**Student:** 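One structure follows; several queries about it will come next.
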Amino acid sequence: MRIDIITIFPDYLAPLGLSLVGKARESGLLDLRIHDLREWATDRHRTVDDTPYGGGAGMVMRPDVWGQAIDDVVSQGDMPPHLIVPTPAGHPFTQRTANDLAAEPWLIFACGRYEGIDARVVADARTRMRVSEVSIGDYVLNGGEVAALVVVEAVGRLLPGVVGNPESLTEESHGADGLLEYPVYTKPPSWRGMDVPDVLLSGHHARVARWRRDEALRLTARRRPDLLARLDPATLDDHDREV
Ligand SMILES: Nc1c(O)cccc1[N+](=O)[O-]
């Protein structure tokens with residue numbers, strides 16, 4: 001997979017050189033390239049924004065600079081890219097989105113700042129490529145870089161070979177079963193007066209699996225009843241329904 005990120009703060013994406021995503025880049029599983037939007041500015045002050053039509057506070061990022069940047073990055077590849085634009089006005093980014101994006105050959109992230117990117121940039125891009133405006137949550141950030149970090153991590157870890165044990169991808173919160181993950185424990189068996197649940201020390205795999213699913217169902221019902229409501233009833237057995 002190739003990922004390009006266009007931003008006025010390239011250093012913000014430095015964490016993508018660490019840990020699993022960093023290793024994926026070193027191994028060639030992930031071809032990640034960061035571009036400074038100011039490379040496409042046309043004046044000596046390397047200006048990328050201007051005042052908003054209609055008035056109001058803040059500045060808007062210029063279409064001419066963004067348009068040329070996206071055109072040039074797209075021209076470097078030989079396949080159709082999927083443009084990802086992080087924005088508070090975007091469609092919610094979920095694990096399902098991550099799974100879908102992990103199947104794409106090439107993602108280009110446009111990280112906006114200030115009050116956002118001139119709307120014509122996305123409109124123009126939609127005439128030539130797939131565009132997804134995504135939100136990582138209902139709160140205000142100062143730009144799209146943090147969201148790009150989140151999306152690249154969520155997508156990158158799904159690429160075959162990135163996570164050592166693919167099994168660990170199956171039993172996670174928001175995983176295939178649509179539940180929150182059960183509580184986990186390790187040594188020592190007793191710590192500050194709290195003991196690890198006996199079933200986890202029993203060595204009885206079927207009972208452990210049953211306990212874990214029960215805990216996941218209880219936690220999901222308590223913290224995210226909306227996720228429980230979305231579950232396909234066919235995936236719940238009679239015991240699940242009693243939990
Ligand atoms: N929430 C937000 C923002 O305030 C600015 C850029 C991107 C996002 N987001 O993806 O959620």
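First listed ligand is number 1; within each ligand, the first listed atom is number 1. Heavy atoms only: backbone and side chains are in, while hydrogens, waters and symmetry mates are out. Source: prediction; values computed, not measured.
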**Student:** Evaluate Met61 against Leu37 for side chain to side chain contact (heavy atoms under 4.5 Å, CB included), listing each step before the verdict.
**Tutor:** CA-CA 10 Å; Met61 300 190 96; Leu37 179 69; 3.6 Å; yes

**Student:** Look at Asp214 together with Arg210 and state whether they make a salt bridge at an N to O cut-off of under 4.0 Å.
**Tutor:** yes

**Student:** Report the residues that fulfil side chain to side chain contact (heavy atoms under 4.5 Å, CB included) with Met59, sequence neighbours left out, ordered by chain and then residue number.
**Tutor:** Asp49, Thr51, Tyr114

**Student:** I'd like the contact residues of ligand 1, where contact means a heavy atom below 4.0 Å.
**Tutor:** Pro86, Thr87, Pro88, Val134, Ser135, Ile136, Gly137, Tyr139, Val140, Leu141, Gly143, Gly144, Ala147

**Student:** What distance separates Asp124 CG from Trp66 CH2, expressed to the nearest 0.5 Å?
**Tutor:** 13.5 Å

**Student:** Would you call Asp64-Arg62 a salt bridge at under 4.0 Å N-O?
**Tutor:** yes

**Student:** One thing to verify: whether Arg212 and Glu181 come together as a salt bridge, which I'm taking to mean a side-chain N less than 4.0 angstrom from a carboxylate O.
**Tutor:** no

